[in-house]
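So you know, we letter chains A, B, ... as the sequences are listed, proteins then strands, and number each from 1.
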There are 4 protein chains.
Amino acid sequence: MTQLAHAGQAASRSGDDVQDVHQGRRHDLAVAALHTWSEYGYSHVSVRNIARRTRFSHGMVHYYFRSKDALVAECVRIIQESHIFGADVSAAGDVLAVSHIVADAICDSLRTHRRLHRIRFDLRNQSQFERELRGYALEVEHAHDVAVQAIRRRYETLGWTFDPPFELLAIQVDALRERAVRADLLGDDLPVAVTQLRTDLLRVLPG
Amino acid sequence: MTQLAHAGQAASRSGDDVQDVHQGRRHDLAVAALHTWSEYGYSHVSVRNIARRTRFSHGMVHYYFRSKDALVAECVRIIQESHIFGADVSAAGDVLAVSHIVADAICDSLRTHRRLHRIRFDLRNQSQFERELRGYALEVEHAHDVAVQAIRRRYETLGWTFDPPFELLAIQVDALRERAVRADLLGDDLPVAVTQLRTDLLRVLPG
Amino acid sequence: MTQLAHAGQAASRSGDDVQDVHQGRRHDLAVAALHTWSEYGYSHVSVRNIARRTRFSHGMVHYYFRSKDALVAECVRIIQESHIFGADVSAAGDVLAVSHIVADAICDSLRTHRRLHRIRFDLRNQSQFERELRGYALEVEHAHDVAVQAIRRRYETLGWTFDPPFELLAIQVDALRERAVRADLLGDDLPVAVTQLRTDLLRVLPG
Amino acid sequence: MTQLAHAGQAASRSGDDVQDVHQGRRHDLAVAALHTWSEYGYSHVSVRNIARRTRFSHGMVHYYFRSKDALVAECVRIIQESHIFGADVSAAGDVLAVSHIVADAICDSLRTHRRLHRIRFDLRNQSQFERELRGYALEVEHAHDVAVQAIRRRYETLGWTFDPPFELLAIQVDALRERAVRADLLGDDLPVAVTQLRTDLLRVLPG
DNA sequence: CATGAATGAGTTTTCATTCAT
DNA sequence: TATGAATGAAAACTCATTCAT
């Protein structure tokens with residue numbers, strides 16, 4: 001549960017507590033929603049299922065979130081702020097170092113934020129069918145793209161040129177991540193899947 | 001609708017028409033279900049939604065399918081029989097020819113069976129959350145694997161060795177297909193997406 | 001199954017077979033209905049449940065019986081004709097002999113026709129709530145009364161006078177029979193229940 | 001309706017009214033269910049039928065009762081708490097007095113709780129066919145047995161010995177009660193039936 | 001004669017949402 | 001703020017009945 005820890009509680013010091021408490025509650029509820037989502041899938045995320053996970057009533061959820069949609073929006077905000085796609089490649093001195101950092105970052109993120117990754121893939125899939133999810137899915141995909149482009153720039157700064165184009169590599173990497181996420185839920189051991197993932201990533205990344 | 005055409009209509013033989021008519025109806029209903037599925041996603045494939053697409057009552061659907069599960073089973077059967085993963089590479093004389101045939105087959109299948117492909121990806125995703133779907137998802141993935149291995153063997157017969165391993169290439173190809181499927185529904189032009197897919201496939205396939 | 005055997009098939013000799021075949025079918029269907037009834041209770045006797053027990057389609061049931069009600073009527077007729085309440089006490093020379101004959105007859109009937117007895121009690125109960133069953137329940141109860149009165153007359157002919165009145169004894173005997181029927185379905189051993197019943201009957205019957 | 005009156009209305013204390021109001025509603029709904037049950041039989045006790053009796057929607061019933069089974073459980077609880085089998089024979093000085101108290105208690109209970117008695121017999125019957133009812137039926141029968149044994153002890157304390165055994169007498173008494181319950185619903189006058197019952201009881205009870 | 005296609009009302013249950021307090 | 005009462009639509013499924021063939 002550490003991975004979805006409550007970030008807003010430190011805000012309870014200053015004067016305008018009210019706002020902060022409100023935000024804290026919203027956050028807590030959204031975290032509960034994320035848990036439900038990652039375990040049962042979007043279509044089973046019901047307001048009551050979420051409330052059951054918290055100390056709050058189901059009316060509360062509607063008090064803090066105008067609708068289920070607003071709740072999804074908050075969930076997406078949390079995903080964004082978790083920087084689950086980031087890899088700090090600024091210190092890497094050569095292409096191989098970048099690849100190692102990237103592979104490690106992906107695997108670490110999968111270990112600590114597997115729920116969020118699973119949600120991302122579910123969101124991307126569902127957004128094909130539920131109009132109201134498209135905006136959120138695009139936001140998350142955009143965050144992914146931004147992180148990916150930063151990596152690309154580092155590779156290119158270090159003199160690597162991609163052929164086939166970088167984009168296709170990015171798609172492959174993302175597909176490997178998705179496979180690891182699926183393996184996890186389908187019963188396969190997460191650590192094993194992540195180890196396998198690391199091996200595979202190093203095979204396809206430059207170097 | 002042409003892509004999901006009615007296979008049972010040839011039922012004009014003689015005595016056992018009854019069975020054929022029955023099977024025809026079952027097929028028609030399953031096709032209606034596939035349409036609903038591909039447009040609204042699995043979680044909105046309800047018996048009533050399907051009936052609404054037909055000239056029949058919802059009781060009818062239950063008349064032909066004991067349960068929703070039986071309906072899904074028939075849908076999966078149709079997907080299987082559509083051979084949406086097949087590529088006849090037996091005639092290919094060199095590696096490049098194989099790649100072209102594979103790329104063309106994938107693109108053709110996407111054009112004629114885009115609904116089924118979309119359903120496959122949705123099924124694969126939902127099966128993570130809905131136990132009763134796992135068997136079906138595994139069946140479809142197995143069909144995919146079988147088709148993919150046939151291609152691999154042809155490549156290897158023609159002397160190609162894969163490094164990184166073939167499996168990673170297959171995942172990449174499948175991810176490209178998924179992207180094209182998503183592009184379609186997200187508003188991008190299908191023909192454009194398929195053209196792009198073909199270009200991309202030829203870039204990653206051997207040759 | 002012997003207890004609900006088909007009585008109408010011997011009629012297939014004469015010229016007007018048609019009628020007889022028709023009656024035979026009606027009988028067979030009603031027997032299937034009786035089986036369903038005794039196992040699942042009246043409220044679960046559905047036309048399809050019955051048809052499933054036979055070699056016929058569910059449309060057949062409606063072909064032979066205008067409605068579920070007509071089917072019930074036929075079931076009741078079969079119960080009546082099975083003489084499940086009868087005891088031939090004409091040969092009994094003294095009161096004790098009558099009591100033994102009655103006890104034995106009740107136990108024998110329970111062994112060979114336990115299904116019908118169970119149905120009788122279920123019918124009597126349901127008829128309180130479903131108007132259309134009342135007539136049938138009353139018919140069956142009347143048959144019971146007739147058989148009971150014959151026994152009473154024999155006792156009185158042999159010089160026995162009942163105090164408390166015979167009617168109260170009849171109610172007690174019937175309640176003991178009902179208890180044995182319930183014991184059977186609730187898992188207790190039928191033979192044991194019948195043996196117990198015999199002992200109890202001999203304790204309350206004259207002599 | 002007096003016989004099934006609302007027990008929770010005293011909920012005017014202070015802080016924990018909420019609970020009481022909730023319990024009150026539950027009780028009210030269960031009472032509505034008991035009415036439906038006693039009039040139409042268990043197989044017609046549907047959530048919608050019950051809601052139709054109240055000013056509430058059928059969703060409400062599900063709000064208060066997780067499932068139909070929970071509703072039945074509450075109904076049974078109400079039956080238990082109504083002590084419909086009790087007779088205070090502690091003050092009776094001789095056997096005849098016990099018999100009179102018992103007869104009067106049975107008749108009084110039948111007058112004030114005839115619905116509950118009818119439900120008991122229906123429950124006992126249906127429990128033969130519906131597994132999920134067995135536990136409830138056994139509970140109610142156990143309550144009956146407990147009350148009956150208390151009476152037996154009083155008789156025996158006062159020196160009466162039963163031959164035939166007490167158990168057979170209890171069955172007879174219960175059967176007489178059932179007959180009165182049936183007479184009521186089948187159209188016969190309740191007061192008349194109860195008067196008759198009293199006479200009959202005094203004929204079979206000791207003294 | 002006999003079938004099974006077809007319907008519509010019924011069952012239990014879940015759920016997003018609104019709202020009075 | 002926060003609760004939980006209340007609703008109505010929707011889900012999967014069952015069933016008696018009608019009817020064309």
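The separation between L71(D) atom CG and dT11(E) atom C1' is 14 Å, rounded to whole Å. As rounded to whole Å, 19 Å separates atom P of dT18(F) from atom OH of Y64(C). Put simply, NE2 on H62(B) is 10 Å from P on dA11(F), counting in whole angstrom units. Summarising the geometry, the separation between NE2 on H44(C) and P on dT11(E) is reported as 13 Å, rounded to the nearest angstrom. Straight-line distance from the CZ atom of R48(C) to the C1' atom of dC13(F): 12 Å, rounded to whole Å. For the pair E132(D) CD and dT13(E) P, the computed distance is 10 Å after rounding to whole Å. Atom CZ of R52(A) and atom C1' of dA16(E) are 14 Å apart (whole Å). Atom CE of M60(C) and atom P of dA2(E) are 5 Å apart (whole Å).
Around atom CZ of F121(B), more than 12 heavy atoms belonging to other residues, nucleotides or ligands sit under 6.0 Å away.
Contact annotation for D69(B): no contact, since no heavy-atom pair falls under 4.0 Å across all strands. Using a 4.0 Å heavy-atom distance criterion, R66(A) is classed as making no nucleic acid contact. Residue contacts for F56(D): at a heavy-atom cut-off of 4.0 Å it reaches the sugar-phosphate backbone alone, with no base atom in range. Note on S57(D): a base of the nucleic acid sits closer than 4.0 angstrom, heavy atoms only. If you check every strand for non-hydrogen atoms under 4.0 Å, V61(A) touches nothing.
Among all heavy-atom pairs drawn from R53(D) and A32(D), the shortest one is CD-O, 3.5 Å.
Looking only at atom types and distance, the side chain of D69(A) has a donor-acceptor partner in the side chain of Y136(A) under 3.5 Å away.
Ranking dA6(F), dT12(E), dA6(E) by closeness to the Y63(B) side chain, first place goes to dA6(E). Here the side chain of N49(A) is nearest to one of dC15(E), dT11(E), dT18(F), namely dC15(E). Of the candidate nucleotides dT17(F), dA5(F), dA12(F), dT17(F) has the atom lying nearest to any side-chain atom of V47(C). Ranking dT11(E), dT18(E), dT17(F) by closeness to the K68(C) side chain, first place goes to dT17(F).
Along DNA chain E, the nucleotide closest to V45(D) and the one closest to H58(A) are compared, and the more 5′ of them pairs with V45(D). Nearer to the 5' terminus of DNA chain F, by closest-nucleotide assignment, is the contact made by R55(A) (compared with the other of R55(A) and S67(C)).
In this structure, R115(C) contributes its side chain and S38(C) its backbone to no donor-acceptor pair below 3.5 Å.
The aromatic rings of H22(B) and Y63(B) sit perpendicular to each other, their planes meeting at more than 60°, with 30° as the lower class boundary.
Pairing for dA20(E) goes to dT3(F), judged as Watson-Crick or G-U wobble with the two contacts each under 3.5 Å. Pair check for dT14(F) finds dA9(E); Watson-Crick or G-U wobble, both atom distances under 3.5 Å.
A sub-4.0 Å separation between OP1 or OP2 of dA2(F) and a side-chain N or O of R25(A) is present.
T36(C) places none of its side-chain heavy atoms less than 4.5 Å from the side chain of H44(C).
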